[in-house]
Amino acid sequence: MRNSKKNLSKHDAMHPSIPELREQLKKGAVDRREFLRTTTLLGVSAGAAYAMAGIVGPATDAMAATPKKGGVIRMAMAVQDMSDPHTYDWVEKSNIARQMVEYLTITGPDNVTRPLLAESWAPSDDLKTWTFKIRKGVKFGNGDELTADDVVYNVKRWLDPATGSSILGLLNSMVDTKDGKDKDGKPIKIKTMTPGAIEKVDTYTVRFHLNSPDLALPEKLYHYPAMIVHRSFDEKGGNISKTPELGTGPFTLAEYKVGEKAILKRRKSPYWDEEPYLSEIHYIDTGPDSSAALAAVASRQVDALYVLDLNTLEVAKGIPGIVVHEATTAQTGVIRMQTDAKPFDDIRVRKAILLASDNAQNLKTAHRGLGSVGENHHVCDCQPDYAALPKVARDVVGAKKLLAEAGHANGLEITCNVGNTQGTWEQDSVVVLKQNLAEAGITLNVNVMPAAQYWEVWDKAPFSLTSWTHRPFWVPCCWAWLIAQACLGMRHITIAMRSTTC
Amino acid sequence: MLILIAKRIGFMVMTMVAVSILLFLVLEISPGSVATKVLGQYASDEQKNIWLEQHGYFEPLWYRYGVWAGNFMTGELGVSHRFKVPVGDIMWPRLWNTAVLGFWTFALIIPASLILGVLAGMREGSKLDRAISITSVLTTSIPEFASAVFLSAIFVFGLKWLPGTSGMINGFDPTQLILPVMVLFLYDFGYVARMTRASMAEVMTTPYIRTAILKGLPYRQVIVKHALRNALIAPFTVIMLQLNWLLSGVIVVEFFFAYKGFGALLLEASLNQDIFVIEACAMVAVFVAVATQTIADIGYTYLNPRIRFS
């Protein structure tokens with residue numbers, strides 16, 4: 001919905017590891033995807049990185065046929081309360097808001113992160129100091145120019161515990177954790193921004209000072225709540241749906257009713273980049289029933305769907321004019337075990353569950369074979385950091401043996417929570433696992449709960465299925481099923497990822 | 001009669017108080033979870049405590065109930081955490097939408113079921129009676145979620161005559177009402193028709209009707225003047241009780257057709273644990289239930305001369 005940016009950033013100095021990366025690319029030690037991602041994160045422009053890798057970049061606007069200007073697109077999607085961008089916990093909220101409010105960076109479908117409101121960035125050699133140049137001439141809807149003050153205001157706001165943003169967990173390298181006490185004197189951990197973690201260098205330059213190296217900082221700045229609002233956002237009531245002029249994006253919110261609709265219209269004041277082709281975008285909430293959204297498509301009440309779930313996929317294919325395209329993403333279902341909770345604190349139990357589960361059958365039955373089989377870790381073969389590991393064959397006898405060793409010779413009863421947050425395949429997947437585990441003498445109780453309730457317990461329940469959203473890097477996996485080997489001994493990683501999911 | 005009305009209204013108030021206590025206990029007994037629901041999953045313990053204190057959650061339970069019930073009666077229904085606006089701003093328009101849906105549904109159900117019920121009950125066992133009975137049993141036994149799928153497969157996906165969802169996004173559109181009304185009509189008219197038929201058939205076997213027929217009165221006059229008035233007393237109560245059914249029955253239909261009504265609101269509030277909306281919707285639903293029951297009771301008493309004059 002927005003035109004891709006044609007920005008080539010210029011840098012005073014190239015990061016010292018770039019020549020080495022080029023060397024590794026030549027030798028075949030890194031592949032092109034990894035080379036592109038790393039060099040662009042290190043501050044090389046996407047165009048230059050593609051040139052270095054000797055390949056042509058993805059099609060730009062100029063290369064595509066010129067579309068006609070104007071027109072309205074209507075999309076069926078949940079319209080939720082979206083007052084404070086920094087506290088978003090559903091991508092749907094950001095989908096509406098990102099037409100009005102923008103990010104410092106933007107990650108493209110090629111997994112390459114490019115500058116957006118930032119013009120360029122340059123990390124220090126140790127990746128702990130990052131200097132971001134801010135694009136000049138970017139105007140908010142209220143006429144003010146975007147400056148370093150706005151960026152500093154936003155970063156401080158993200159990392160203020162009073163805001164309640166998930167970014168606080170994501171930008172761990174800019175945060176101090178202190179022991180504090182709540183009102184009743186119970187000890188709690190309080191995370192706050194490390195003083196001086198963000199610095200205004202001049203009107204158009206900011207610098208991030210990290211406590212530890214972080215190559216992924218530019219990617220993280222495209223985390224969906226990390227939007228840049230005007231510095232007066234809190235003063236004006238802290239509600240972007242009431243003050244859409246406090247964003248720099250090409251659209252403004254004309255009508256907005258939670259649970260019903262959000263109508264976006266092209267903003268009247270000039271936009272800093274190319275004008276969007278569309279004159280209006282309508283998001284229409286057809287409720288939680290996926291068949292209603294499909295009925296809206298069939299009767300041409302909407303032009304597009306945000307979610308097409310498996311239950312309605314076959315019906316969708318039968319509607320004349322609908323072509324279903326498949327794309328490989330790292331979206332996945334992850335059944336996770338909490339390694340410090342009983343009985344999963346015993347590695348033999350975890351291994352037994354793993355050996356008893358049939359991931360191929362799970363994919364075939366619960367997800368109609370659409371996707372690739374999970375390999376019990378979080379990395380998808382479409383991600384740069386994937387490496388094939390030896391396959392684990394199903395071994396029910398071995399699983400029983402391990403269980404007996406762990407003291408569960410007479411069987412084991414466990415419960416798995418599932419919230420069907422992305423469709424009922426989640427529940428089906430757990431049911432397949434239940435049957436798999438039954439063969440090894442494990443009784444699995446399936447605890448189905450409403451999506452909203454699930455998000456309250458997903459990081460606390462010892463055993464649960466969570467839909468993992470695609471990210472450019474290693475976090476998630478292809479449409480695949482993992483039985484939490486990834487979480488063996490890695491509970492803290494799971495908790496840290498809290499911020500990057502849901 | 002006045003004593004009866006006073007009694008019925010007293011009973012109605014007591015029911016509502018009892019339900020409100022239950023509702024309050026179920027939803028608000030654990031203040032911690034209330035704060036999580038309102039502030040969201042990333043809220044810190046500190047934020048939750050501040051919120052709970054500000055909203056009086058550290059007061060004793062009975063006191064909190066008193067404040068809540070008092071606010072409720074003065075129209076202060078709280079603020080929806082999902083919509084971020086006062087509950088009333090969301091609920092009343094949604095209730096109105098359901099009333100519109102209900103009006104058209106009843107505008108069709110009442111005449112259709114009464115006429116068909118009377119026709120069937122007039123001559124029990126006749127061909128007409130059998131045809132009507134079979135149709136009404138058939139349509140009533142198909143649940144709304146099934147008929148909604150069938151009808152939309154035919155009219156939306158197949159014939160492409162009707163819009164698939166009824167969100168009324170661009171203002172009121174009567175064509176969007178057709179499918180939801182059709183589904184509700186199909187499910188409910190058969191039931192009311194069967195009740196009318198039973199009542200009519202019963203009246204037709206009473207001695208005074210036999211007397212009227214034997215006296216030589218024209219059949220038409222027997223039906224209209226003598227049978228109908230008595231036969232319609234029972235359907236009146238049944239129809240009043242259908243209002244109750246409608247408030248819960250619409251959940252499925254509103255959900256399926258994305259109609260922005262009261263049922264869909266209640267369902268979405270439950271799924272999202274929007275407690276103040278659940279509380280308000282539940283109380284409105286209880287009010288409708290006991291109020292229609294009371295009106296049905298009073299109306300029945302009024303319509304039935306044997307009770308009226310005793």
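Chain naming here is simple, since letters A, B, ... match the order of the sequence lines and numbering starts at 1 in each. Note that this is a predicted model, so its numbers are computed, not measured.
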Which atoms of [X] approach chain B - backbone, side chain, both or neither, heavy atom under 4.5 Å:
{"X": "A/D285", "result": "both"}
{"X": "A/Q80", "result": "neither"}
{"X": "A/V315", "result": "side chain"}

Answer yes or no: does atom CZ of B/F106 have more than 12 heavy-atom neighbours from other residues, nucleotides or ligands under 6.0 Å?
-> yes

Please say whether more than 12 non-hydrogen atoms of neighbouring residues, nucleotides or ligands are located less than 6.0 Å from CH2 in B/W245.
-> yes

Taking atom types as modelled, find out whether [X] and [Y] have a side-chain donor-acceptor pair closer than 3.5 angstrom.
{"X": "A/T194", "Y": "A/D176", "result": "yes"}
{"X": "A/N154", "Y": "A/H86", "result": "yes"}
{"X": "A/Y88", "Y": "A/S166", "result": "no"}
{"X": "B/T98", "Y": "B/Y259", "result": "no"}

Interface residue of largest heavy-atom contact number with chain B, from [options], under 4.5 Å:
{"options": "A/S83, A/G318, A/A293, A/G259", "result": "A/G259"}
{"options": "A/K261, A/M449, A/E260", "result": "A/E260"}
{"options": "A/V258, A/D289, A/D81", "result": "A/D289"}
{"options": "A/A298, A/P450, A/A295, A/A296", "result": "A/A295"}

To the nearest 0.5 Å, what is the distance between OG1 (B/T165) and CG (B/L162)?
-> 11.5 Å

For chain A, find which of B/I90, B/L271, B/V156, B/I169 contributes the most heavy-atom pairs closer than 4.5 angstrom.
-> B/I169

For chain A, the option from B/A258, B/A264, B/P163 that forms the most heavy-atom pairs under 4.5 Å = B/P163

